[in-house]
Amino acid sequence: MSSSTGSADFALSCPVPLINTERVLMGHGSGGKMSADLIMRYFLPAFGNQYLEKLDDQAVLRVNGARLAFTTDAYVVTPLFFPGGDIGSLAVNGTVNDLAMAGARPLYLSAAFILEEGFPLANLERIVASMRTAAEAAGILFVTGDTKVVDRGKADGCFVTTTGLGVVEHQYEISADQGRVGDVVVLSGPIAEHGMAIMATRAELELETPVTSDTAPLHELVLDMLESGARIHCLRDPTRGGVATALNEIARRSGVGMVLDESAIAVREPVRGVCELLGLDPLYVANEGRLLAVVAAEGAASIVERMRRRPEGREARIIGELVEDPARLVVLRTRVGGRRIVDMLPGEQLPRIC
């Protein structure tokens, strides 16, 4: 592996920024402790209700007897185009996956674009075509949207916000607060590929084996998992903040601890190499085509077997278990036999990753 870091735009943010501040910092968008603090201080007091307080990636609503999943997400990734995808496919797949984490079948999307004056229309055409392809692959429709244009230098080219609606056809409650002592944690595949694809592109690294984003829709995988009959308690797609942050969220919401097996968490060698070069822990790096499932132990083997039938879950495996722990800690059993606490990062180590 060789590297060339001539890009003036490449920088790693300090992982421990000043939290007591009167202004928004990049760390507030990390998905970690600073994001949680922002939500608890400002958004929950202003908008708190029975749906929002669950702090899931979507809300599951009952409307005239039907259960509907509803979600929204904003995308500010830089660069807009990267190995394995772009902001368009990322927006579609990310919103589909947020619906899928409730076990929903995605149906409809909206899209809002904030475009900067001077943004090349050829790039916009490329992004829109990518979104159309991703939507067709997921079997969903764009049914409404909006476009705004701002002054040159005010939007970094293009930002996209997508909102999704899906139908929940099962009767289970799948939520971050449903984990139980004795459950096991299943991971659908190798981690950190999206984040490292973005960072390698930003840093202009010349890699012997290119790292490609894992961005992909996961709803069909989840629907297959549900058909296995095994009891799924929680689902999370570990995007910003990675596997470590997603599991900490589940542990805190469910009031349990977790013990993970490091040797069971797959990281491909090219990805591991970039992480080591940049000094990053793959557990905290974003994924866009992986899921974590907390399932009852007695059904775990059947779920893993079912997942491995599909390309999105071919390398699925059990990586840990839920344990009784009043401190709600996530603990990693290392390859050398030690243990370390895997906490949420206070700030942002990989800004604008999605």
Side-chain angles (χ1 to χ4, degrees), residues 31 36 53-60 69 71 97-104 168 170-191 218-219 221-266 283-284 287 289-308 310 312-313 315-333 341-344:
E53 287 167 1
K54 294 182 76 65
L55 297 176
D56 286 327
D57 291 332
Q58 73 301 114
V60 176
T71 190
N97 291 346
D98 282 348
L99 294 172
M101 295 307 105
V168 179
H170 61 83
Q171 295 303 312
Y172 303 121
E173 183 175 0
I174 298 174
S175 179
D177 63 2
Q178 294 298 300
R180 300 291 180 264
V181 171
D183 287 352
V184 300
V185 181
V186 177
L187 174 63
S188 65
I191 65 171
L218 298 172
H219 61 295
L221 175 63
V222 172
L223 293 174
D224 272 6
M225 292 166 64
L226 287 166
E227 288 180 3
S228 74
R231 184 66 178 93
I232 301 173
H233 293 149
C234 313
L235 289 168
R236 271 287 197 271
D237 56 335
T239 54
R240 288 178 302 165
V243 167
T245 298
L247 292 181
N248 270 280
E249 290 173 348
I250 293 172
R252 294 176 187 191
R253 292 286 296 157
S254 293
V256 298
M258 291 188 189
V259 178
L260 310 178
D261 183 358
E262 184 179 29
S263 63
I265 301 172
L283 286 172
Y284 293 95
N287 311 268
R290 302 288 182 252
L291 66 79
L292 292 159
V294 173
V295 304
E298 59 270 20
S302 64
I303 279 212
V304 170
E305 191 275 332
R306 192 92 177 212
M307 293 172 73
R308 288 177 175 172
R310 299 190 59 89
E312 312 98 298
E315 298 180 68
R317 61 184 69 179
I318 296 170
I319 65 166
E321 62 182 337
L322 275 60
V323 298
E324 188 170 350
D325 181 3
R328 306 180 185 186
L329 296 178
V330 177
V331 176
L332 185 72
R333 285 194 299 254
I341 295 173
V342 178
D343 201 357
M344 295 174 71

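For clarity, every value in this text was computed on a predicted model and none was experimentally measured.
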So, using side-chain contact (heavy atoms from CB on, under 4.5 Å) as the criterion, who are the partners of [X] when residues are at least two apart?
{"X": "Glu53", "answer": "Leu44"}
{"X": "Arg180", "answer": "Gln178, Asp183, His233"}
{"X": "Ser188", "answer": "Leu221, Arg290, Leu291, Met307"}

- Message: Do Ile250 and Val185 make a side-chain contact, defined as non-hydrogen atoms from C-beta onward lying under 4.5 Å apart?
- Response: no

- Query: Is Leu235 close to Met225 at the side-chain level, that is, under 4.5 Å between some pair of heavy atoms?
  - Reply: yes

How close do [X] and [Y] get, heavy atom to heavy atom, and via which atoms?
{"X": "Ala69", "Y": "Ala104", "result": "CB-CB, 3.6 Å"}
{"X": "Asn248", "Y": "Met344", "result": "CB-CG, 3.4 Å"}
{"X": "Thr245", "Y": "Tyr284", "result": "OG1-CD2, 4.5 Å"}
{"X": "Ser254", "Y": "Ala176", "result": "OG-O, 2.6 Å"}
{"X": "Ala300", "Y": "Val184", "result": "CB-CG2, 3.4 Å"}
{"X": "Ala102", "Y": "Val168", "result": "O-CG1, 4.2 Å"}

Between the main-chain N or O of [Y] and the side-chain N or O of [X], is there a donor-acceptor pair closer than 3.5 Å?
{"X": "Gln58", "Y": "Asp98", "value": "yes"}
{"X": "Ser302", "Y": "Ser228", "value": "no"}
{"X": "Asn287", "Y": "Ile191", "value": "no"}
{"X": "Arg333", "Y": "Val259", "value": "no"}
{"X": "Asp57", "Y": "Arg236", "value": "no"}

For the [atom1] atom of [X] and the [atom2] atom of [Y], what is their distance to the nearest 0.5 Å?
{"X": "Glu249", "Y": "Leu55", "atom1": "CD", "atom2": "CG", "result": "8.0 Å"}
{"X": "Glu173", "Y": "Ile232", "atom1": "CD", "atom2": "CD1", "result": "14.0 Å"}
{"X": "Glu298", "Y": "Ile303", "atom1": "CD", "atom2": "CD1", "result": "10.5 Å"}

- Query: Got a sec, which residues hit side-chain hydrogen bond (donor to acceptor under 3.5 Å, both in side chains) with Gln171, two or more places apart in sequence or on another chain?
  - Reply: none

Give every donor-acceptor pair under 3.5 Å between a side-chain atom in residues 320-328 and any protein atom, sequence neighbours left out.
residue: Asp325; atom: OD1; partner: Ala327; partner atom: N; Å: 2.9
residue: Asp325; atom: OD2; partner: Leu329; partner atom: N; Å: 3.2
residue: Arg328; atom: NH1; partner: Arg252; partner atom: O; Å: 2.6

- Test side-chain contact (heavy atoms from CB on, under 4.5 Å) applied to Met101 and Leu292, Ile174, Val222, Asp56, the passing residue: Val222

- So Thr239 and Asp237, side chain to side chain donor-acceptor pair (under 3.5 Å) or not? Walk me through it. CA-CA 6 Å; Thr239 54; Asp237 56 335; 4.9 Å; no

- Only counting residues at least two apart or in another chain, list the ones meeting salt bridge (charged side-chain N to carboxylate O under 4.0 Å, His left out) with Arg231. none

